[in-house]
> 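Input: one structure, supplied below.
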Amino acid sequence: MSGKNTTADVPHFSMYIDGEWVDTGASYEIRSSATEELVATVARGDLEHADRAVAAAKAAHEEGTWRRTSPAERSAILQRVTERFAERTEELALLHAQEIGATIRMCEPFHFGASLGHMQYLAELAGRYEFESGGPNLHPVLAAGKTRREPIGVCAAIVPWNIPLVLSVWKVFPALGAGNTVVIKPDEHAPLMLIELAREFEAAGLPPGVFNVITGEGEIVGARLAEHPDVRKIGFTGSTAVGKEIMRAAAGNVKKITLELGGKGPNIVLDDADLETAVDGSLFAFLAHSGQGCESGTRLLLQSAIHDEFVERMVRRIKTLVIGDPLDYDTDLGPVYSEAQRDRILGYVEAGKAEGATLACGGGVPSGPQFEKGWWVEPTVFTDVTNDMRIAREEIFGPVVSVIRFDTVEEAIAIANDSDYGLSAGVWTQDAQLAFDVAEELEAGMVWINDWHIAPPEYPFGGVKQSGLGREGGPRALDEYTEPKFISFDLSGGVDAKPYGLLFSTPPN
Ligand code: NAD
């Protein structure tokens, strides 16, 4: 079975468990964020499916075919799947844009295209990763030793709706590349790329049970994976609040965990910055994907001398943006993901106004017939923000930026670091030495100098403080999905050099 049936022009997607396409009779609807039209339906999973998927993954791990497959062969399968995704770019990028409400102009090169780059890198890495390394004789009597990095076992992955493909790739590729088995639970309204990934893994000959995709509510199916005694590792991307629940649940059997959580990126513009670039770059930082990125630059720290001109230029630039049909290549800004998301964002706009911030532009739903359906929020700039306001402390996850004025570089660093989060940060200046000095002081997993949203496959992605635990991607990506085992061996056959004299005072007869 293919796992995809089409009824009344709307495709239906099944779950993939133990090498089989599974339906339940009930389904989720995936609707366009722009038009509310039905895009697809997806099988609705439950606790039973979580348990079945984990049991299948456990059985596949114990049976051992996949973990004993050579790294080169595992890498080849990951590369074959990457090639198939690349061949299907046009079809899949469109489906993905519809699924997550992204503009096609951004989805094709970024959400989809950049994910391909990460897939390719991680697939190759799996083939050249050092699974075994010899070490020095650390003890004078130890004949030899080696470190073997072994798969952990059943790895669960839980991902959100905003950029699900790359977030999944960061977990699935290193996990499979290292020989683990995987159960992934995407957001129930954004699982299509994961189901397509399963289709290509099946075609590439991955043994049954090695990769499983289940859908379902986070509080039920996600929570089950987090506490399941047979899951040994959990890779989670989502909100900090749920990340803390995952940590608590994972304590039950001391699961390994990687957490990629929320952010409130401070974007510092110093008064010597190239203003034209910094204005466009700062818009890119908070508006890309309608601000629905964990690494977005949502606190805009402007030095006093340039503050007024910068805000004025930014508001003028925003007025030139084309807001509308996300599937039109000329559109700059599309909708937000869901009705709930829109209401949440507008709630923060009200909170900002109530706390005394000034609305420099936006703050509502754009007007016009094309905005009567779907979920829209205008690009919104708040000025006169202080760092203690909710709009400066909490993640809004929408096209809203909070502008904070500062006088000195030291003050900017202090404001930037005064946050529970520490995912991303940035500084705009033409003074290279100063830029690196500031970058060193910022408490963040990623710092961009005169840039934003840069996440190449060769570098680690992740945050400090309450933005997460561990890193994804980069050259050490498989470390998070392997357990180092130290093996010492002495093939000399004699007891002369043994340290047993520490215990026995008399030599053996
Ligand atoms: P969310 O935390 O509500 O949900 C994320 C995933 O967790 C979903 O699949 C959901 O079904 C599941 N889930 C929900 N409750 C659960 C529970 N009790 N137990 C187990 N699983 C549960 O997040 P969201 O609203 O879908 O996504 C937005 C959040 O994700 C933002 O906070 C954003 O910053 C964060 N995010 C972080 C990164 C990163 O790399 N740091 C990347 C993208 C998004």
Side-chain angles (χ1 to χ4, degrees), residues 28 42 44-47 50 100-102 111 114-115 118 156-171 183-191 193-194 213-228 231 234-250 252 255 257-265 286 288-298 336-338 340-345 348 394-398 419-424 444-446 453 455 460-474 480:
Y28 293 109
V42 179
R44 183 183 281 260
D46 216 327
L47 276 185
I100 62 173
H111 294 283
S115 301
H118 285 269
I158 301 177
V159 290
W161 48 265
N162 64 323
I163 40 172
L165 182 54
V166 75
L167 301 178
S168 304
V169 163
W170 281 340
K171 298 164 181 60
V183 177
I184 186 160
K185 191 209 87 67
D187 184 279
E188 58 273 26
H189 293 106
M193 290 305 105
L194 275 299
V213 183
I214 52 169
T215 56
E217 321 289 318
E219 298 79 0
I220 300 168
V221 174
R224 178 68 179 143
L225 293 178
E227 54 96 32
H228 202 298
V231 172
I234 191 140
F236 172 78
T237 301
S239 60
T240 295
V242 174
K244 289 178 184 177
E245 285 183 42
I246 303 271
M247 270 184 117
R248 278 189 281 272
K255 282 181 188 64
I257 45 178
T258 307
L259 302 175
E260 298 288 1
L261 309 175
K264 194 73 196 175
F286 90 90
H289 196 27
S290 296
Q292 300 167 123
C294 50
E295 78 288 359
S296 299
T298 51
V336 296
Y337 178 62
S338 64
Q341 195 61 21
R342 181 202 58 194
D343 293 348
R344 187 183 130 92
I345 298 164
Y348 273 108
E394 298 176 22
E395 194 180 36
I396 300 174
F397 228 55
S419 173
D420 289 341
Y421 294 115
L423 186 60
S424 61
M446 298 167 289
H453 291 301
F461 189 99
V464 303
K465 301 196 283 188
Q466 294 192 31
S467 285
L469 197 61
R471 292 292 183 276
E472 295 191 313
E480 298 269 351

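Counting convention: from 1, in listed order, for ligands and their atoms alike. The figures here come from the full heavy-atom set of this structure, side chains too, leaving out hydrogens, waters and symmetry mates. Everything numeric here is computed off the predicted structure, so don't read it as measured data.
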> Anything under 30° is parallel, anything over 60° is perpendicular, the rest tilted; go ahead and classify Trp170 against His118.
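Taking His118 first and then Trp170, their aromatic rings stand perpendicular (interplane angle over 60°).
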> Go through ligand 1 atom by atom and flag the ones less than 4.0 Å from a non-hydrogen atom of Gly222.
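Taking each heavy atom of Gly222 in turn, ligand 1 has 19 (N), 20 (C), 21 (N) under 4.0 Å.
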> Name the option, out of Met446, Arg344, Glu227, Glu395, that contains the heavy atom nearest to atom 31 (C) of ligand 1.
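Checking each option, the heavy atom nearest atom 31 (C) of ligand 1 is found in Glu395.
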> Using a 4.0 Å cutoff against the non-hydrogen atoms of Ile246, which atoms of ligand 1 qualify?
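Matching atoms, with element in brackets: 20 (C).
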> Tell me yes or no: between the side chains of Lys465 and Ser419, is some donor less than 3.5 Å from an acceptor?
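Result is no, nothing qualifies.
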> Please tell me whether Thr258 and Glu480 have a donor and an acceptor in their side chains that are separated by less than 3.5 angstrom.
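There is such a pair (donor and acceptor under 3.5 Å, judged by atom type) between the side chains of Thr258 and Glu480.
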> If the contact criterion is a heavy-atom separation under 4.0 Å, does Gln341 count as touching ligand 1?
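Judged by the 4.0 Å heavy-atom criterion, Gln341 does not count as contacting ligand 1.
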> With heavy-atom distances below 4.0 Å as the criterion, list the atoms of ligand 1 near Ala223.
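What qualifies from ligand 1 is 19 (N), 20 (C).
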> Thr237 heavy atoms, cut-off 4.0 Å: which ligand 1 atoms fall inside?
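Close to Thr237: 5 (C), 36 (N), 37 (C), 38 (C), 39 (C), 40 (O), 42 (C), 43 (C), 44 (C).
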> Under a 3.5 Å cutoff, is there a donor and acceptor pairing between the side chains of Tyr348 and Glu394?
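Looking only at side-chain atoms, Glu394 and Tyr348 do form a donor-acceptor pair, the distance falling under 3.5 Å.
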> Enumerate the atoms of ligand 1 whose separation from the nearest heavy atom of Asn162 is less than 4.0 angstrom.
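Those atoms are 43 (C), 44 (C).
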> Any protein heavy atom lying closer than 4.0 Å to atom 1 (P) of ligand 1?
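Protein heavy atom within 4.0 Å of atom 1 (P) of ligand 1: present.
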> Going by the order shown, which atoms of ligand 1 are within less than 4.0 Å of some heavy atom of Leu167?
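In order of number, 42 (C), 43 (C).
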> With heavy atoms of Trp161 as the reference, note each atom of ligand 1 found under 4.0 Å away.
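Counting from 1, the qualifying ligand atoms are 24 (P), 25 (O), 26 (O), 27 (O).
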> Report the member of Ala241, Cys294, Ser239 with the shortest heavy-atom distance to atom 39 (C) of ligand 1.
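Nearest heavy atom to atom 39 (C) of ligand 1 lies in Cys294.
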> Check each atom of ligand 1 against the heavy atoms of Lys185 and keep those under 4.0 Å away; list them by number with element.
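Once the distances to Lys185 are compared, the set is 9 (O), 10 (C), 11 (O).
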